[in-house]
Peer 1: 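This is the structure I want to talk about, given as structure tokens.
Please read all numbers here as calculations on a predicted model, not as lab measurements. Here is how names work: the chains are called A, B, and so on, in the same order as the sequence lines, proteins then strands, and each is numbered from 1.
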Protein chains: 2
Amino acid sequence: MQTAVLKLKHLGFSEYEAKAYMALVHENPLTAYELSKNSGIPSSKIYEVLRKLELRHMIQLIRGERTKMFVPIPPDEFVRNFRSSIEDNLHAVRTELTTVKPGLDSGYMWHIKNYETLIHRAKRMINTARESLLVLIWKEEMKELAEALTGAVQRGIRTAVIHYGFTDFKISRIYIHPVEDTVYEAKKVRGFTLVSDLKEAVNGRIDSKGTDAVWSMNEGFVTMAEDYLRHDIYLMKTLQRFAPVMRKKFGDRYEKLRDVYADEAY
Amino acid sequence: MQTAVLKLKHLGFSEYEAKAYMALVHENPLTAYELSKNSGIPSSKIYEVLRKLELRHMIQLIRGERTKMFVPIPPDEFVRNFRSSIEDNLHAVRTELTTVKPGLDSGYMWHIKNYETLIHRAKRMINTARESLLVLIWKEEMKELAEALTGAVQRGIRTAVIHYGFTDFKISRIYIHPVEDTVYEAKKVRGFTLVSDLKEAVNGRIDSKGTDAVWSMNEGFVTMAEDYLRHDIYLMKTLQRFAPVMRKKFGDRYEKLRDVYADEAY
DNA sequence: AATTATTCACTACTATGGTAGTTATTATAC
DNA sequence: GTATAATAACTACCATAGTAGTGAATAATT
């Protein structure tokens, strides 16, 4: 299925509705009949679908020569419409709910015991960060979050990543922590820490037994996580000074690692 | 039904899901059984509902003493989550669709022949305006759009309203156009013009036969609409100078109208 | 024994996707 | 000039899945 159709479905449209709108955007104006052919929607369904789209203000009926024709609301306009109505609803929910129960969130420690939930939470934090991101991560989690992180960097979010083990991932400030595979192999535990905007943080570990993480906006917790990462960066920068010693220990592999070292301090 | 439940339904949740989440926000943590009682959801359905909510990252299972208990994701967090995923989808749709068909929108003249569509469009324009709004309106449409306009003014949008006929509506810059009822009665046509951010405009008329309006981002069209309204305002300000004459014509009624005149030029 | 916790089974309604069929009008092909 | 595609518009029917509503059957706790 086309990605846009899929996304529209996520936004709550039926497949037929999505396809019809897509087809109309690609070519218009069209009669119902033409649209049914272009979109692959059975002609028997097309009228029902068009009615619904019109109700949702996605398309508009215009007078053709002698037949009814349809044009789509321009995508830009649709996006603005949709966003605006969603924001209305979200705002209403938010005000109604947050006024009821104040105080749970800010100091609350949230336990996450599910890997997917952890990744989901991390993604949201990365995507909604406004200023800064501090990350300690292993390659497994990096695979899940690389896209979101790249996006954040492009958005101009100050981003520092401490990556345990080797990676090809290129980002302005990435500090490679040269962990020997043996160490990792022995422990079989991956740490994961993420601090966003110095306001909220997750910290956890993932091993064969599962996931165990804590999320919070608690000030102490966040500060601690932040210090932890800063400290790690500082440590690595210190280690860099002992490059010769390192080289002895890691050999060529260390050289390779140095190439991707960040040039600038966080 | 509670408004928040309704809003959540608008956002795509089922009634049970909405109720369950609401109830959990109001009191937590709760066991499934307790929740079913508090929320009015049949206990036979509560587990299924909870499973779905967990999948959607709306709630979280925690270990109680010996029974499973549930806590909601804090509303703030939920709102951020939800918005972020909607934005992702919208963005994807937008980029995929606007790259395909460039140029339709900007010069396109959009005919609106449906009253509801006109109001809908106007609302969206008002709600998404970033700088300025110029409105020519009659009381019928004012009733539909008053809330949106008040919101815009509060948001700091420069707003000028030319209102035909008398109104109680209070807004910083409202110019009352003293139309005699007879004139209106005779024509039975209401004009409506809206210019937002000097970028897009709708212009139309509503009468007993129906609605006929045009929306466009076409530069010439927008400029024209803008000029039209400015000119009307200018005209009225000039008329003000002839207050004595006006008073003769409209008598006491005119005095009443003057009270709500805007004090400042647009 | 009563409350709490959880699952199963079944009904009804609605939305969706899919297939079939009806009725005109308008081209074009033979 | 009639046959036959192709276009256009619309109804009816069916299977499936999700949601809502009801009743009841079991466990496990207290």
Peer 1: Taking B:Ser36 for the side chain and B:Ala32 for the main chain, is one N or O donor matched with an acceptor at less than 3.5 Å?
Peer 2: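 Not at all, since once roles are kept as given, no pair shorter than 3.5 Å links the two residues.
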
Peer 1: Whole Å only: how far is the CD1 atom of A:Ile41 from the C1' atom of C:dG18?
Peer 2: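 So the CD1-C1' distance, A:Ile41 to C:dG18, works out to 12 Å.
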
Peer 1: Quickly work out the A:Glu17 CD to C:dA15 C1' distance and round it to whole Å.
Peer 2: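 After rounding, the reported distance stands at 10 Å.
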
Peer 1: Choosing from C:dT4, D:dA8, D:dA20, which nucleotide comes nearest the side chain of A:Glu34?
Peer 2: D:dA8

Peer 1: Would B:Gln60 and A:Thr117 count as having a side-chain donor-acceptor pair, cut-off 3.5 Å?
Peer 2: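 Not at all, the side chains of B:Gln60 and A:Thr117 share no donor-acceptor pair under 3.5 Å.
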
Peer 1: So, does B:Lys37 get its side chain near the phosphate of C:dA5, meaning an N or O under 4.0 Å from OP1 or OP2?
Peer 2: no

Peer 1: Do we see a donor-acceptor contact under 3.5 Å between the side chains of B:Glu141 and B:Tyr115?
Peer 2: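 Checked: B:Glu141/B:Tyr115 side chains pair up, N/O donor to acceptor below 3.5 Å.
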
Peer 1: A:Ser44 side chain: which of D:dA12, D:dA9, C:dT6 is closest?
Peer 2: D:dA12

Peer 1: Atom CD1 of B:Ile46 and atom C1' of C:dT6: how far apart are they, to the nearest Å?
Peer 2: 12 Å

Peer 1: Of the candidate nucleotides C:dT7, C:dG17, C:dT16, which contains the atom at the shortest distance from the side chain of A:Lys45?
Peer 2: C:dG17

Peer 1: Counting the atoms with a prime plus P, OP1 and OP2 as sugar-phosphate, which does B:Thr31 contact under 4.0 Å by heavy atoms, base, sugar-phosphate, or nothing?
Peer 2: sugar-phosphate

Peer 1: In whole Å, I'd like the distance from the CD atom of B:Glu15 to the C1' atom of D:dG18.
Peer 2: 14 Å

Peer 1: Relative to the 5' end of DNA chain C, which residue comes earlier, B:Phe70 or A:Ser43, by the nucleotide with the nearest heavy atom?
Peer 2: B:Phe70

Peer 1: I want to verify a distance call: between C:dG17, C:dT6, D:dA9, whose nearest atom is closest to the B:Tyr33 side chain?
Peer 2: C:dT6

Peer 1: Using whole Å, what does the distance between atom P of nucleotide D:dA9 and atom CD of A:Glu54 come to?
Peer 2: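 Answer to the nearest Å: 14 Å.
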
Peer 1: Can you tell me the distance, in whole Å, between the CD atom of B:Glu48 and the P atom of D:dG21?
Peer 2: 13 Å

Peer 1: Using OP1 and OP2 only, check whether a side-chain N or O of B:Tyr16 sits under 4.0 Å from D:dG21.
Peer 2: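 Result: yes.
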
Peer 1: If I take atom NZ in residue B:Lys9 and atom C1' in nucleotide D:dA20, what distance separates them, rounded to the nearest angstrom?
Peer 2: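 Atom NZ in B:Lys9 sits about 10 Å away from atom C1' in D:dA20.
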
Peer 1: Using whole Å, report how far OH of A:Tyr47 lies from C1' of D:dA12.
Peer 2: 15 Å

Peer 1: Do B:Ser216 and B:Glu200 have a side chain donor and acceptor closer than 3.5 Å?
Peer 2: no

Peer 1: Hey, are A:Glu34 and A:Thr31 close enough side-chain-wise for a donor-acceptor pair under 3.5 Å?
Peer 2: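 Yes, because at least one side-chain N or O of A:Thr31 sits under 3.5 Å from a partner of the opposite role on A:Glu34.
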
Peer 1: C:dA15 phosphate, OP1 or OP2: any side-chain N/O from A:Ser14 under 4.0 angstrom?
Peer 2: no

